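Note sheet for the following structure.
Not measured: the values here are computed from a predicted model. Note: hydrogens, waters and symmetry copies are ignored here, and every other heavy atom, side chains too, is used.
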Amino acid sequence: YQVYGHGEPAVVLVHGWLNNANYWNAQLDDLKARYTVATLNLAGHGASDKSRTDCSIANYAQDIVAVVQRIPNKRLVLVGHAMGAPIVLEAARRIGVRVTGIIAVDALKSIGLPPMSKPPFEELVQPFRAHFIGHMHEFVAQYLFTQDANPAFVRKVADDMARASPEVGIASLEALYRYDFGAVLPGIKVPIIAINSDLHMPTDEARIKKSAPTFRTIVVPGSGHFLMMEVPQRFNPLLLQAIESLAKP
């Protein structure tokens, strides 16, 4: 993990599935000018150790707990992209009163829907088991970007994710799709703000608020899954405004 800047609260940036801490580089300058900022590589990702065999959301949440134990700030805002969002939800209930708010980035759209059952999940994951690298390139291009996305950037993300450990990738994907939001949301009392793209599944705020009353969403139209990298000039002001609204206990 790395820590930048100073000030309250500390903003902890958590990357998504098979990404790494560098995916937040376009936010660091704006954030560290106002706040303490921490980035980390979850176990099995980036520069972190690759030996983890249990890739549960709970274990990833403990990675965040281990980092914030080394940060002296009294207040924390946890920011999670994609898979990082349920991870920060899980971490928040373990950390307790230091957390004043949670920000999801293109995530949490499935709250209130039942977890995926085994047959559909196996259909989803089988191509990754059969040919991880090749299917990852197809998956990234088809599902994570708009049709007019920069091809070089699409290729960079696909290359990054295809280089990941297939064991970590498949186990993490299963943990994500089996995650039961209903078990964690009752313990989350702080505001949850989602800054989401309009790619594929819309954010049904009315449905989500039935399970997470503190939830609200900000939609960035025309962006892909990695909106913090694709459109930082639009994303960063929204992130700063969200953090400011969550900064007080």
Side-chain angles (χ1 to χ4, degrees), residues 1-16 19-43 48 57-108 111 181 183-196 205 208-209 211-218 220 227-228 232 235-249:
Y1 74 97
Q2 297 289 332
V3 179
Y4 309 87
H6 64 275
E8 292 281 357
V11 180
V12 183
L13 302 173
V14 182
H15 63 78
N19 305 148
N20 59 66
N22 291 332
Y23 278 54
W24 297 108
N25 283 352
Q27 285 67 58
L28 290 180
D29 285 345
D30 285 346
L31 291 178
K32 70 184 182 181
R34 305 186 186 194
Y35 307 109
T36 303
V37 184
T39 62
L40 69 149
N41 291 297
L42 297 168
S48 287
I57 299 298
N59 271 1
Y60 284 133
Q62 282 301 127
D63 295 344
I64 301 172
V65 173
V67 169
V68 301
Q69 286 175 343
R70 292 162 173 80
I71 298 173
N73 293 70
K74 294 181 180 180
R75 303 192 302 277
L76 305 168
V77 172
L78 306 182
V79 183
H81 172 243
M83 184 181 79
I87 293 171
V88 300
L89 288 175
E90 191 73 36
R93 70 172 178 171
R94 295 161 187 258
I95 296 166
V97 296
R98 291 176 69 196
V99 178
T100 62
I102 293 165
I103 299 173
V105 179
D106 209 45
L108 306 187
I111 289 177
F181 288 103
V184 65
L185 288 172
I188 304 296
K189 307 302 183 184
V190 297
I192 303 169
I193 301 172
I195 306 175
N196 285 348
E205 184 170 318
I208 293 170
K209 286 177 77 70
S211 301
T214 67
F215 179 91
R216 68 181 176 92
T217 186
I218 302 166
V220 182
L227 60 168
M228 71 283 196
F235 175 82
N236 287 6
L238 298 174
L239 178 63
L240 289 168
Q241 290 168 15
I243 294 169
E244 181 64 25
S245 74
L246 301 172
K248 296 181 180 180

Identify the two heavy atoms, one from [X] and one from [Y], that lie closest to each other, and give their separation to 0.1 Å.
X: Glu8; Y: Lys74; answer: OE2-N, 2.9 Å
X: Asn236; Y: Ala26; answer: ND2-O, 3.0 Å
X: Ala212; Y: Leu185; answer: CB-CD2, 4.1 Å
X: His15; Y: Leu40; answer: CD2-O, 3.2 Å
X: Ile71; Y: Ala10; answer: CG2-CB, 4.0 Å

Close side-chain approach of [X] to [Y], heavy-atom, < 4.5 Å:
X: Ile57; Y: Val184; value: no
X: Thr217; Y: Leu108; value: no
X: Leu246; Y: Val190; value: no
X: Ile243; Y: Leu31; value: yes
X: Gln241; Y: Leu238; value: yes
X: Phe235; Y: Val105; value: yes

Any residue meeting salt bridge (Lys or Arg N to Asp or Glu O under 4.0 Å) with Arg216, in chain and number order, not counting sequence neighbours: none

Starting from the C-alpha separation in whole Å, work towards a yes-or-no answer on side-chain contact (heavy atoms from CB on, under 4.5 Å) for Val12 and Tyr1. CA-CA 10 Å; Val12 183; Tyr1 74 97; over 6 Å; no

For Leu239 and Asp30, what are the C-alpha separation, side-chain angles and deciding distance, and is it a side-chain contact (heavy atoms from CB on, under 4.5 Å)? CA-CA 10 Å; Leu239 178 63; Asp30 285 346; over 6 Å; no

Pair up each side-chain donor or acceptor in residues 76-95 with any protein partner under 3.5 Å, not counting sequence neighbours, and list the distances.
| unit_1 | atom_1 | unit_2 | atom_2 | d |
| --- | --- | --- | --- | --- |
| His81 | NE2 | His225 | O | 2.9 |
| Glu90 | OE1 | Tyr179 | OH | 2.7 |
| Glu90 | OE2 | Arg93 | NE | 3.2 |
| Glu90 | OE2 | Arg93 | NH2 | 2.8 |
| Glu90 | OE2 | Arg94 | NH2 | 3.3 |
| Arg93 | NH1 | Ala183 | O | 3.2 |
| Arg94 | NH1 | Gln62 | OE1 | 2.9 |

